[in-house]
Number of protein chains: 2
Amino acid sequence: MRYHKIANETIRRLPIYLRGMLFLSEQNRKTISSQNLADIVGINSWQIRKDFSYFGDFGKPGVGYIVEKLIRHIKKILKLDKEHKTALIGVGNLGRALLAYPGFGPYGFNIVAAFDNDPAKIGKKIENINVEDVSRLPALSKRKVDLAIIAVPRDAAQEVADVLVEAGVKGILKFSPHHIEVPKKIKVISIDIATDLARLPYYMSA
Amino acid sequence: MRYHKIANETIRRLPIYLRGMLFLSEQNRKTISSQNLADIVGINSWQIRKDFSYFGDFGKPGVGYIVEKLIRHIKKILKLDKEHKTALIGVGNLGRALLAYPGFGPYGFNIVAAFDNDPAKIGKKIENINVEDVSRLPALSKRKVDLAIIAVPRDAAQEVADVLVEAGVKGILKFSPHHIEVPKKIKVISIDIATDLARLPYYMSA
DNA sequence: GCATGTGAAAATCTTCACAGCA
DNA sequence: TGCTGTGAAGATTTTCACATGC
């Protein structure tokens, strides 16, 4: 292994590899070759090897990669090896789907708090999480929450983000399509279904 | 304008620009400069100008871009200028959130059918859409549906995709994290919240 | 004078081909 | 023999700087 600046694109792919490895682990596979993993995740084998080569000698020539070891290794790189307490803001349709989503666990994400501004929802329990008033957001700083998922309407996103940053949140995943302004040290990732969907027709053969 | 192969990354950004332009249109803005648009969408102005330059002379030097004209132009490039009938497969939490999602309209996406395999859901009406039995999927070919959104559990995704391809669907948006195998001419886009979220901790300053 | 459009340079990312180890 | 790890080549994408048009 040499020193390399790690490509951004590599970081984007690591969670995909991790997903594949977790699947293999469920099935009690012990080792996997880059070619096998390529078939599972839909990424070329040489791309996989190149990506891994940034981080050290993961695999054994002639054998492949050891599933459990690779999982631990990728988790460590992505800093997923310890729990991340996560707050959800906005308990609408999407918010409820997120609370019910079982896929966060294996990555160490744990939704520990949910907030809304609708009095009809505040105080209710959804999926075992108590819905709190958004006015209580600033108190998050005391609760070791470092990550937040924003699932509120467009116009409220910036305001919510400001409070979250103030409360010490380090990373934000948002579903509102608008760009929000945050300090440079805060990382924001956006998911917008319509924006992704909008690429499809371009690639669809008539 | 010259002939250029259009960069994939450019196509990825076009829906983001479109989103910004639609927002401006709502506010009755007539023209916009690349710098102004940059502030709204969070992408550099030179990147925006470069992207647009692939398609022809969109703007007027000294003035900027004409909002309505640019919207029409981008929609045309992305083939969003006509309606895309869309089917939803899987009416769980996520599926219901998608049916209630108001953001598809401006892009010309219209969910015209929903399917599930749960007898308790079949026949129910959700958000004005009748939930049909998945066994009726093959009949989609007669209904001019060219796009499908798969929101079913992991293990069912490949099977559903196979039927959809058979039924003539040209593009698939899926939420199941697994890679699925489809003919090359079918375009598949995946959204996986956990995979996106998993990148955050890496970038979060301790 | 203001803002676009674009060659050219720089940076980044992917692909290849194969040396070398188990 | 099978499969990794990686330098080097190739392709793509971003960034810059400025000529050009309104």
Side-chain angles (χ1 to χ4, degrees), chain A residues 1-17 20-21 24 29-71 73-74 77 199 202-203, chain B residues 1-17 20-21 24 29-71 73-74 77 179 184 199 202-203:
Chain A
M1 179 208 183
R2 305 290 174 70
Y3 171 79
H4 285 289
K5 187 182 170 299
I6 295 145
N8 256 303
E9 291 299 304
T10 295
I11 296 298
R12 205 178 46 73
R13 283 186 294 266
L14 284 182
I16 300 173
Y17 302 147
M21 301 305 290
L24 287 163
R29 277 287 297 271
K30 297 304 177 213
T31 62
I32 179 101
S33 69
S34 57
Q35 184 53 60
N36 283 177
L37 184 55
D39 294 339
I40 292 174
V41 299
I43 294 175
N44 293 318
S45 62
W46 60 78
Q47 180 75 80
I48 292 175
R49 292 201 302 279
K50 184 65 144 186
D51 284 338
F52 288 172
S53 77
Y54 288 131
F55 301 103
D57 298 357
F58 279 23
K60 286 200 203 328
V63 178
Y65 301 92
I66 296 168
V67 174
E68 295 304 325
K69 192 173 144 196
L70 189 50
I71 289 174
H73 217 134
I74 297 179
I77 294 163
R199 272 181 302 147
Y202 177 83
Y203 292 104
Chain B
M1 178 205 183
R2 306 289 173 69
Y3 172 78
H4 285 288
K5 189 182 169 300
I6 294 146
N8 256 303
E9 291 299 304
T10 296
I11 295 299
R12 204 175 48 71
R13 283 186 295 265
L14 283 183
I16 299 172
Y17 302 146
M21 301 305 289
L24 288 164
R29 277 289 295 271
K30 297 304 176 211
T31 62
I32 180 103
S33 70
S34 58
Q35 185 52 60
N36 283 177
L37 184 56
D39 294 338
I40 292 174
V41 300
I43 294 174
N44 293 318
S45 61
W46 61 77
Q47 181 75 80
I48 293 175
R49 292 201 302 279
K50 185 64 145 185
D51 284 339
F52 288 171
S53 78
Y54 288 131
F55 301 104
D57 298 357
F58 279 23
K60 286 201 205 325
V63 179
Y65 302 92
I66 296 168
V67 174
E68 294 305 325
K69 193 173 146 196
L70 189 51
I71 289 175
H73 217 134
I74 297 179
I77 293 163
H179 174 69
K184 257 202 296 297
R199 270 181 303 148
Y202 177 83
Y203 291 105

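The sequence lines fix the lettering, A, B, ..., with proteins before strands; numbering per chain opens at 1.
- Every residue was checked against the salt bridge (Lys or Arg N to Asp or Glu O under 4.0 Å) condition with A:R29, not counting sequence neighbours, and none meets it.
- B:I11 has its CD1 atom 14 Å from the C1' atom of D:dT12, to the nearest Å.
- B:Y65 comes within 4.0 angstrom of the backbone, heavy atoms only, and of no base.
- Counting non-hydrogen atoms under 4.0 angstrom, A:S34 reaches the backbone sugars and phosphates but no base.
- Applying the ring-ring contact (aromatic ring centres under 6.0 Å, His included) test to A:H73 and every residue at least two apart in sequence or in another chain returns A:F58.
- For A:R49, the salt bridge (Lys or Arg N to Asp or Glu O under 4.0 Å) test picks out no residue, with sequence neighbours left out.
- Residues satisfying the salt bridge (Lys or Arg N to Asp or Glu O under 4.0 Å) test with A:E68, not counting sequence neighbours, are none.
- B:I77 is listed as a side-chain neighbour of B:L14, based on a closest heavy-atom distance under 4.5 Å.
- Residue A:R13 places at least one side-chain N or O closer than 4.0 Å to OP1 or OP2 of C:dT14.
- With sequence neighbours left out, A:Y65 forms a ring-ring contact (aromatic ring centres under 6.0 Å, His included) with A:F52.
- Within the 4.5 Å cutoff, the side chain of B:F55 has heavy atoms near those of the B:T10 side chain.
- The residue A:F52 sits apart from the nucleic acid: no heavy atom pair falls under 4.0 Å.
- At whole-Å resolution of the value, CZ in B:R49 and P in C:dC2 are 15 Å apart.
- Partners of B:N8 under the side-chain hydrogen bond (donor to acceptor under 3.5 Å, both in side chains) rule, at least two apart in sequence or in another chain, are A:Y203.
- Exactly one of B:I16, B:L37, B:D51 qualifies for a side chain to side chain contact (heavy atoms under 4.5 Å, CB included) with B:I43. That residue is B:I16.
- Here B:N44 does not reach the OP1 or OP2 of D:dT14: none of its side-chain N or O atoms lies under 4.0 Å away.
- When the P atom of C:dT6 is taken as reference, atom CG of B:D51 falls 13 Å away, rounded to whole Å.
- Checked against side chain to side chain contact (heavy atoms under 4.5 Å, CB included), B:K30 has no partners two or more places apart in sequence or in another chain.
- Taking atom NZ of B:K69 as the reference point, atom C1' of C:dT4 lies 12 Å away to the nearest angstrom.
- Within 4.0 Å (heavy atoms only), A:R12 reaches no atom of the nucleic acid at all.
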Restricting both atoms to N or O, compile the protein contacts to nucleotides 20-22 of chain C shorter than 3.5 Å, with distance only.
{"unit_1": "C:dA22", "atom_1": "O4'", "unit_2": "A:P61", "atom_2": "O", "d": "3.2"}

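- Between B:K30 atom NZ and C:dA3 atom C1' there is a gap of 21 Å when expressed in whole angstrom units.
- Relative to the side chain of B:Q47, the nucleotides D:dG5, D:dT15, C:dT4 differ in distance, and D:dT15 lies closest.
- The side-chain hydrogen bond (donor to acceptor under 3.5 Å, both in side chains) test applied to B:S33 returns no partner, not counting sequence neighbours.
- Of the candidates D:dT15, C:dT14, C:dC13, the closest approach to any side-chain atom of A:A7 belongs to C:dC13.
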Show me the protein contacts with nucleotides 8-10 of chain D, counting only N or O atoms at under 3.5 Å.
{"unit_1": "D:dA8", "atom_1": "N6", "unit_2": "A:K50", "atom_2": "NZ", "d": "3.4"}

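- Each end of the helix from C:dG1-D:dC22 to C:dA22-D:dT1 yields a helix axis from five base pairs, and these two axes differ in direction by 10° (to the nearest 10 degrees).
- Between the C1' atom of D:dA11 and the CH2 atom of A:W46 lies a distance of 14 Å, rounded to the nearest Å.
- Residues passing the side-chain hydrogen bond (donor to acceptor under 3.5 Å, both in side chains) test with B:D39 are B:Q35, sequence neighbours excluded.
- In this entry the distance linking OH of A:Y54 with C1' of D:dG7 reads 12 Å, nearest Å.
- The phosphate of D:dT12 has neither OP1 nor OP2 within less than 4.0 Å of any side-chain N or O from B:N8.
- When the P atom of D:dG5 is taken as reference, atom CD of A:Q35 falls 15 Å away, rounded to whole Å.
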